[in-house]
Amino acid sequence: MKRLGVILCLLTSVILLFVGCSKKKETEDLESSTNQKNTGSLEKIEGVWDGSIHIPNQPLPIIVTFNKNDGTISIPIQGISDYPLTSVNLNNPNVSFDMDIQGQRITFDGKVDSEKITGTFTQQGQSFPFELTKGSEEEVKEDANFVQVKLKDGTMLGQLEIPQGEGPFPLIVIIAGSGPTDGDGNSLALPGKNNSLKMLAENLAAEGVASIRYDKRGVGKNSSLGGKEEELRFDQYIDDAAAWVQFAKDDERFSKVGIIGHSEGSLIGMVAAKKTESDAFISIAGAGRPIDQILMEQLETQLPANLIEESRIILDKLKQGEQVPTVSQELQSLFRPSVQPYMISWLKYDPAEQLQKLNSPVLLVNGSLDIQVPITDAQLLHNAKKESELLIIEKMNHVLKEAPEDREGNIATYSNPDLPLAEGLMDGIVDFLKKNIQ
């Protein structure tokens with residue numbers, strides 16, 4: 001069975017390394033973890049360290065925070081935030097720390113070298129290297145121009161890019177794609193960075209257009225909004241986007257307000273654009289079909305016949321609003337019971353139907369070498385709303401970079417932040433915005 005790499009980019013989570021780690025159990029462990037201990041002060045390593053466990057083909061990003069006496073670990077992909085470490089031992093340059101989770105002891109043994117900790121992660125007899133770098137999160141927080149918006153369940157941070165000169169400026173709310181994706185367009189489920197949405201925001205600012213982009217709830221600076229996986233709903237993402245549009249509309253620094261939605265963010269943006277009556281909407285690499293059709297299309301090329309049939313049955317049930325309690329082990333990463341309520345809430349939205357509801361000008365953008373969302377999806381959306389503008393960027397892939405035709409080379413661009421945005425992308429977007437909101 002082929003690795004479900006593309007599918008993982010479409011969903012909110014990936015296979016858990018720490019098998020069976022539920023939020024309920026996490027809370028119980030958190031309440032009982034009063035026996036944290038260390039040998040000596042941890043002052044030399046105090047602070048935030050982020051990096052990953054280098055599991056083959058699928059690095060697992062982690063964030064470890066040490067204070068003078070103990071520490072915590074966050075695993076954003078798995079919705080684990082500030083989980084207490086059982087013990088932390090520092091005997092410079094050696095450092096070790098561990099955690100107990102569902103009766104399993106998980107250990108990290110490493111060495112401190114300047115601003116890095118490198119070593120070995122071990123769980124159930126399996127070992128993988130890990131690497132952490134100190135202070136990167138804090139440096140970003142110091143340098144960035146952050147704004148915040150109040151939500152029903154907390155406060156969300158966003159990053160504002162604003163042009164030089166005097167406003168008011170038009171503003172675009174940029175919505176990231178699926179999975180654990182941050183405001184820069186980088187997914188914690190994938191190695192490396194591409195910084196596609198960061199580049200998009202910076203290019204917009206150079207053209208006189210402000211923007212707000214934000215880490216999705218449960219990710220990065222908004223990890224505290226993650227909550228329990230079984231409580232997450234697609235509508236929460238819509239409400240988040242709508243809150244940012246309203247924030248910009250209420251700010252005198254900005255004139256008209258539009259939305260750019262990338263990948264899954266396209267559907268989120270469509271619904272939010274209607275809800276807020278935004279002034280313009282741009283879909284980049286947005287699906288033109290309901291998610292069940294896309295999933296089945298991908299699964300049919302990657303699974304054996306019995307699992308394809310089971311997937312079809314599960315999706316049919318979910319579309320009817322019914323959960324499926326029993327799922328084969330091979331399909332747990334896609335259809336585990338805790339993610340099914342989210343999928344039910346997602347499946348009720350048809351992109352073509354949502355696009356038809358918009359009254360604002362619409363630009364549909366897709367890349368000719370997008371291996372996740374083909375140009376036929378953009379054409380489906382264009383057919384659904386004939387007055388929309390359609391822009392196909394030659395050689396552009398899903399992360400908005402020019403890519404070679406071979407799949408391996410295409411995927412390599414997903415982790416190369418040095419590549420610029422594909423030629424023609426910004427020209428097309430800026431031309432559309434000048435006609436409609438500038």
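Numbering starts at 1 and runs along the sequence shown.
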So which heavy atom on A272 is nearest to which on A241, and how close?
CB-CB, 3.9 Å

Please indicate whether Q320 has more than 12 foreign heavy atoms, meaning atoms of other residues, nucleotides or ligands, lying under 6.0 Å from its CD.
yes

Would you please name every residue forming a side-chain contact (heavy atoms from CB on, under 4.5 Å) with E423, sequence neighbours left out?
E402

Say you draw a straight line from CD of Q372 to CG of D377; how long is it, rounded to the nearest 0.5 Å?
11.5 Å

For R213 and D182, run salt bridge (charged side-chain N to carboxylate O under 4.0 Å, His left out): C-alpha distance rounded to whole Å, both residues' side-chain angles, the deciding distance at 0.1 Å, then the answer.
CA-CA 9 Å; R213 65 189 192 275; D182 66 20; over 6 Å; no

Determine the interplanar angle of the F66 and W49 rings, folded into 0 to 90°, and report it as parallel if under 30°, tilted if 30 to 60°, perpendicular if over 60°.
perpendicular

Check whether any side-chain heavy atom of I62 sits under 4.5 Å from a side-chain heavy atom of S74, and report yes or no.
no

If you take all heavy atoms of N203 and M426, which pair is closest and at what distance?
CB-CE, 3.5 Å

Between Q332 and V327, is there a donor-acceptor pair closer than 3.5 Å when you use the side chain of the first and the backbone of the second?
yes

Tightest non-hydrogen contact, residues I259 and S278, listed as CD1-OG, 4.1 Å

Side chain of N383, backbone of Q379: donor and acceptor closer than 3.5 Å?
yes

If we ignore hydrogens and angles and just use 3.5 Å, is the side chain of Q159 paired with the main-chain N or O of I212 as donor and acceptor?
no

Let me confirm one number: the CE-CZ distance from M156 to R217, rounded to the nearest 0.5 Å.
5.0 Å

Flag for Q236-D240: side-chain donor and acceptor within less than 3.5 Å
no

Test side-chain contact (heavy atoms from CB on, under 4.5 Å), reference F169, set L204, V209, I162, output is I162

One thing to verify: whether K216 and E264 come together as a salt bridge, which I'm taking to mean a side-chain N less than 4.0 angstrom from a carboxylate O.
yes

To the closest 0.5 Å, what do you measure between CE (M270) and CD1 (I175)?
10.5 Å

What residue among E229, E230, K228 forms side-chain hydrogen bond (donor to acceptor under 3.5 Å, both in side chains) with S338?
E229

Given W346, which partner from the list I291, D235, D292, V339 fulfils the side-chain contact (heavy atoms from CB on, under 4.5 Å) test?
I291

Working for side chain to side chain contact (heavy atoms under 4.5 Å, CB included), residues Q126 and F128
CA-CA 7 Å; Q126 289 188 299; F128 305 102; 4.2 Å; yes

Can you measure from CG (N416) to CG (N195) and round to the nearest 0.5 angstrom?
10.0 Å

Any luck finding a side-chain donor-acceptor pair between N397 and T413 under 3.5 Å?
yes

Short side-chain to backbone donor-acceptor contact, K401 and L419, under 3.5 Å
yes

How close do P325 and Q323 get, counting heavy atoms only, and between which atoms?
CD-O, 3.7 Å

Distance, nearest 0.5 Å, that separates CE of M343 from CG of L232
12.0 Å

Donor-acceptor under 3.5 Å (S266 side chain, H262 main chain)
no

Would you say the side chain of I106 lies within less than 4.5 Å of the side chain of F121, judging by non-hydrogen atoms?
yes

Charged N to carboxylate O below 4.0 Å: is that the case for K435 and E389?
yes

Verify the neighbour count for atom NZ of K385: are there more than 12 heavy atoms of other residues, nucleotides or ligands below 6.0 Å?
yes

Indicate yes or no: does R312 engage E310 in a salt bridge with an N to O separation below 4.0 Å.
no

Give the C-alpha distance, both sets of side-chain angles, the deciding distance and a yes or no for salt bridge (charged side-chain N to carboxylate O under 4.0 Å, His left out) between E161 and K198.
CA-CA 9 Å; E161 293 284 348; K198 180 174 186 274; over 6 Å; no

Before you tell me yes or no, could you show the steps for F281 and S388 under side chain to side chain contact (heavy atoms under 4.5 Å, CB included), namely the whole-Å CA-CA distance, both residues' side-chain angles and the distance that decides it to 0.1 Å?
CA-CA 10 Å; F281 174 68; S388 63; over 6 Å; no

Measure the spacing between CG of L157 and CG of N222 and express it to the nearest 0.5 Å.
5.5 Å

Do H398 and S263 have side-chain heavy atoms sitting under 4.5 Å apart?
yes

In the structure I gave you, are the side-chain heavy atoms of V365 and I260 within less than 4.5 Å of one another anywhere?
no

Quick check: do M396 and D370 have side-chain heavy atoms less than 4.5 Å from each other?
no

Would you say the side chains of E131 and T118 form a donor-acceptor pair under 3.5 Å?
no

Working for side chain to side chain contact (heavy atoms under 4.5 Å, CB included), residues F234 and I268:
CA-CA 8 Å; F234 191 79; I268 294 168; 3.5 Å; yes

Does a salt bridge link D184 with K193, judged by any charged N lying under 4.0 Å from a carboxylate O?
no

I need the single residue from L369, L380, N366 that forms a side-chain contact (heavy atoms from CB on, under 4.5 Å) with I375. Which is it?
N366

Hey, what's the ring geometry for F130 with F97, parallel, tilted or perpendicular (30° and 60° as the breaks)?
perpendicular

Determine the minimum heavy-atom distance between Y342 and S345, stating which atoms define it.
O-OG, 2.6 Å

Within 45° of the axis and under 6.0 Å from the centre of the six-membered ring of F254, does NZ or CZ of K249 qualify?
no

Residues which pass salt bridge (charged side-chain N to carboxylate O under 4.0 Å, His left out) with D239, listed by chain and number, not counting sequence neighbours
K275

salt_bridge(D251, R253) N-O dist < 4.0 Å
yes

Under a 3.5 Å threshold, yes or no: a donor from one side chain and an acceptor from the other, between T122 and S127?
yes

A201 and S211: which non-hydrogen atoms are nearest, and at how many Å?
CB-OG, 3.3 Å

Would you check, one step at a time, whether the test side chain to side chain contact (heavy atoms under 4.5 Å, CB included) holds for I172 with V257?
CA-CA 6 Å; I172 294 293; V257 181; over 6 Å; no

Could you check if a side-chain atom of V64 sits within less than 4.5 angstrom of a side-chain atom of L85, using non-hydrogen atoms only?
yes

Does the side chain of Y414 come under 3.5 Å of the side chain of N186 through a donor N or O and an acceptor N or O?
no

Would you confirm whether N436, through its side chain, and A280, through its main-chain N or O, come within 3.5 Å as a donor-acceptor pair?
no

Any side-chain heavy-atom pair from E252 and P168 closer than 4.5 angstrom?
no

